[in-house]
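A quick write-up on the structure given underneath.
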Amino acid sequence: MPFTLGFVGAGQFAGQFAKLFALHPRVGDITVTDLLPERSAALVDRLGLAGTFSSLDDMLASSAVDAVAVFTQRWTHGPIVERALRAGKHVYSAVPMAITVEEMETITRLVAETRLTYMMGETSYYNPATVYARQKLAEGAFGRVFYAEGDYVHDMDLGFYDAYRYSGGEEWKTTASYPPLLYPTHSIGGVLGALPTHAVSVSAIGVSDQRGDGVFDRAVSMFDNDFSNASALFELADGGIMRTNEMRRVGYPAHIKESRFRFFGTEGSLEQLATVSVWQDKNTVTDVSELLRAHASMSLDDPALAGVPEALRDAFVSGHAPIHDLTRLPREFENAPNGHEGAHHFLVDDFATAVDEGTLPPINAWTAARFTLPGVIAHESALRNGERLTIPDLGSPPAHLSDASSRQAVS
Ligand SMILES: NC(=O)c1ccc[n+]([C@@H]2O[C@H](COP(=O)([O-])OP(=O)(O)OC[C@H]3O[C@@H](n4cnc5c(N)ncnc54)[C@H](O)[C@@H]3O)[C@@H](O)[C@H]2O)c1
């Protein structure tokens with residue numbers, strides 16, 4: 001039975017997902033709200049959606065909305081998600097889950113209590129390298145993975161100045177300084193999306209920006225932040241090591257590959273650069289670049305990309321790679337726009353299926369916390385000169401949620 005979905009935020013990213021949710025057979029009417037009503041009206045017009053709400057309050061108060069999809073600015077998700085769960089709505093949230101440990105604790109507690117579906121849309125979970133690493137791990141080809149790296153390498157000059165101007169209006173410089181380690185899910189999620197473990201401690205170092213254009217300036221920043229690049233070294237619960245790099249000032253072509261991964265096991269390893277991916281064992285190197293290469297899902301001047309800065313468009317159109325198994329996707333997604341190396345189709349399908357069937361999605365609240373919370377503690381470590389800090393773990397989903405039969409599907 002299709003469920004109804006309300007979009008919260010109609011900015012640069014929401015349109016890509018609204019289109020896919022509208023195509024999904026398990027999703028019914030889609031409505032939209034935005035603080036800027038012209039944005040919600042434009043999205044409804046462009047995609048022929050069911051209508052707008054004048055505020056988030058009105059949307060949450062409506063019994064005609066079963067679930068919400070939160071696509072607001074990255075530091076705003078925690079409180080909006082909390083309100084939506086308290087209002088009895090299932091929640092799809094863009095990354096990150098939240099920016100404080102308390103917000104993440106609240107979300108996991110509310111999901112456990114209400115049994116509503118919560119899912120975070122981490123695109124790296126379906127990054128071709130992460131999908132490949134999951135397969136190799138299941139085959140036992142890695143042996144024991146003892147070290148893995150995830151990079152989210154995206155220079156501010158490649159679209160982020162335009163994106164923050166669109167997002168933040170006159171005051172955009174106060175928010176463009178968003179701390180890199182508080183946006184940790186593309187790097188951590190790509191590693192822990194493959195490895196069944198979690199981070200237990202961290203030491204991180206931040207690089208203070210030197211560009212001097214007022215963006216990463218503590219006097220201007222609403223986050224009191226001047227780090228534009230940061231690296232974190234994590235201890236994992238299985239005794240292994242994870243390193244992540246969050247880079248926003250870097251001479252690197254993010255439009256070719258902005259998230260990159262490396263996994264080292266005792267028997268095999270996977271390494272990626274912008275254009276090359278190789279699988280290695282103790283004797284051989286196998287070039288798997290083509291297997292992991294995402295192909296464009298639409299043209300860069302497609303009208304669906306209205307409002308998306310030119311330099312960000314490559315990521316927003318990149319479609320499936322040969323490694324992806326498309327058989328689980330609804331046929332309505334054939335030839336539909338995609339993005340982030342094929343991830344959008346899988347994320348939309350995961351949420352639609354979880355809500356409709358009352359099952360836990362792969363990136364449920366507890367997984368989302370394990371992808372997000374380590375970055376919050378890593379940022380704290382960087383602020384304390386690399387002091388090694390313990391990472392609180394919110395655990396795995398409680399048993400009463402893991403048992404899908406005990407949950408009620410949306411009627
Ligand atoms: N690879 C990825 O997973 C990926 C890529 C791009 C963006 N994102 C995430 O998607 C989210 C949206 O990004 P974007 O670029 O579209 O942002 P954006 O700034 O373009 O749009 C956000 C919109 O939300 C609206 N908004 C804010 N608070 C609201 C509220 N309380 N009620 C209603 N509307 C509200 C704003 O007015 C704005 O139009 C961000 O969290 C970002 O982190 C993820």
Side-chain angles (χ1 to χ4, degrees), residues 6-18 20 31-43 52-60 68-84 91-99 119-127 130 150 152-154 158-169 171-172 175-176 178-180 182-190 193 246 254-255 257-259 294 305-309 311-318 338-344 346-348 363 368 371-372 375:
F7 264 72
V8 187
Q12 300 156 97
F13 202 40
Q16 319 299 309
F17 278 84
L20 290 175
T31 46
V32 186
T33 188
D34 196 294
L35 293 177
L36 303 174
E38 63 277 15
R39 290 190 182 172
S40 33
L43 184 57
T52 60
F53 281 96
S54 57
S55 69
L56 174 61
D57 282 336
D58 285 355
M59 179 181 272
L60 295 182
V68 297
V70 179
F71 281 84
T72 57
Q73 283 90 341
R74 50 196 67 181
W75 52 94
T76 60
H77 301 160
I80 292 176
V81 170
E82 178 181 346
R83 286 170 62 193
V91 177
Y92 177 98
S93 172
V95 300
M97 181 182 196
I99 58 169
M119 173 176 153
M120 182 179 78
E122 175 42 56
T123 44
S124 284
Y125 190 81
Y126 290 107
N127 184 289
T130 300
Y152 178 55
V153 205
H154 195 142
L158 299 180
F160 278 164
Y161 276 83
D162 290 342
Y164 276 107
R165 275 192 198 100
Y166 178 92
S167 181
E171 302 297 309
W172 68 275
T175 60
Y178 185 78
L182 296 189
Y183 196 75
T185 60
H186 295 336
S187 52
I188 295 177
E246 289 292 339
H255 55 284
K257 185 178 288 299
E258 61 182 359
S259 301
L305 296 169
V308 177
L312 291 181
R313 291 188 174 194
D314 289 274
F316 282 51
V317 307
S318 62
N338 206 334
H340 291 92
E341 303 190 52
H344 294 191
F346 293 105
L347 294 174
V348 167
I363 316 172
F371 289 180
T372 315

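In what follows, residues are counted from 1 in the order of the sequence shown. Read the numbers this way: they start at 1 and go in the same order the structure lists the ligands and their atoms.
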Worksheet item: Would you say the side chain of Phe371 lies within less than 4.5 Å of the side chain of Met97, judging by non-hydrogen atoms?
Response: no

Discussion item. With heavy-atom distances below 4.5 Å as the criterion, would you say the side chains of Leu60 and Val8 are in contact?
Written reply: no

Worksheet item: Which is closest to atom 40 (C) of ligand 1 in terms of heavy atoms, Thr185, Thr72, Leu347?
Response: Thr72

Discussion item. Given Leu35, Asp34, Leu36, identify the one with the heavy atom nearest to atom 36 (C) of ligand 1.
Written reply: Asp34

Fill in: Proximal atoms of ligand 1 relative to His340 (non-hydrogen, under 4.0 Å)
1 (N), 5 (C)

Item to complete: If a pair satisfies salt bridge (charged side-chain N to carboxylate O under 4.0 Å, His left out) and one of its residues is in residues 158-169, list it, with sequence neighbours excluded.
Response: Asp162-Arg165

Fill in: Contact check: Val95 vs ligand 1, nitrogen or oxygen atoms, below 3.5 angstrom
yes

Worksheet item: How close does the nearest protein non-hydrogen atom get to atom 19 (O) of ligand 1, and which residue and atom is it?
Response: Ser167 OG, 2.6 Å

Worksheet, complete the sentence: For Thr123, the ligand 1 atoms with a heavy-atom partner under 4.0 Å come out as 1 (N), 2 (C), 3 (O)

Worksheet entry | Any side-chain heavy-atom pair of Leu347 and Ile363 under 4.5 Å | yes

Fill in: Side chain Asp58, main chain Phe53, donor-acceptor under 3.5 Å
no

Worksheet item: Considering residues, nucleotides and ligands other than Glu171, do more than 12 of their heavy atoms fall under 6.0 Å from its CD?
Response: no

Worksheet item: Counting from 1, what ligand 1 atoms have a heavy atom of Tyr183 closer than 4.0 Å?
Response: 4 (C), 8 (N), 43 (O), 44 (C)

Discussion item. Could you tell me, atom by atom, which parts of ligand 1 come under 4.0 Å of a heavy atom of Tyr166?
Written reply: 20 (O)

Worksheet item: Heavy-atom distance to atom 24 (O) of ligand 1: which of Gly9, Ala14, Gly11, Gly169 wins?
Response: Gly9

Worksheet entry | Donor-acceptor side-chain pairing of Ser167 and Gln12 below 3.5 angstrom | no

Item to complete: Give the residue and atom name of whichever protein heavy atom lies nearest to atom 31 (N) of ligand 1, and the separation in Å to one decimal.
Response: Ile80 CD1, 3.9 Å

Worksheet, complete the sentence: For His77, the atoms of ligand 1 under 4.0 Å from one of its heavy atoms are 41 (O)

Worksheet item: Looking only at protein heavy atoms, which one is nearest to atom 15 (O) of ligand 1, and how far off is it?
Response: Gln12 NE2, 3.3 Å

Response to the item:
protein heavy-atom neighbour closest to atom 22 (C) of ligand 1 works out as Phe71 O, 3.4 Å

Discussion item. Counting non-hydrogen protein atoms only, what is the nearest one to atom 27 (C) of ligand 1? Give residue, atom name and distance.
Written reply: Gln73 OE1, 3.1 Å

Worksheet item: If you count the atoms of ligand 1 from 1 in the order shown, which ones are under 4.0 Å from a heavy atom of His186?
Response: 1 (N), 2 (C), 3 (O)

Practice prompt. Output yes when a side-chain donor or acceptor of Ser40 lies under 3.5 Å from a complementary backbone atom of Thr33, and no otherwise.
Written response: no

Worksheet entry | Pairwise side-chain contact, Thr123 with Glu341, heavy-atom cut-off 4.5 Å (strictly under) | no

Worksheet, complete the sentence: heavy-atom search around atom 8 (N) of ligand 1 in the protein gives Phe13 CD2, 3.3 Å

Worksheet item: Relative to the heavy atoms of Ala94, which atoms of ligand 1 are at a distance of less than 4.0 Å?
Response: 9 (C), 10 (O), 11 (C)

Worksheet entry | Minimum side-chain heavy-atom gap His340-Glu258 below 4.5 Å | yes

Worksheet item: Do His344 side-chain atoms and Val348 backbone N/O form a donor-acceptor pair below 3.5 Å?
Response: no

Discussion item. Need the ligand 1 atom indices (1-based, order shown) with element for anything under 4.0 Å from a heavy-atom of Arg39.
Written reply: 38 (C), 39 (O)

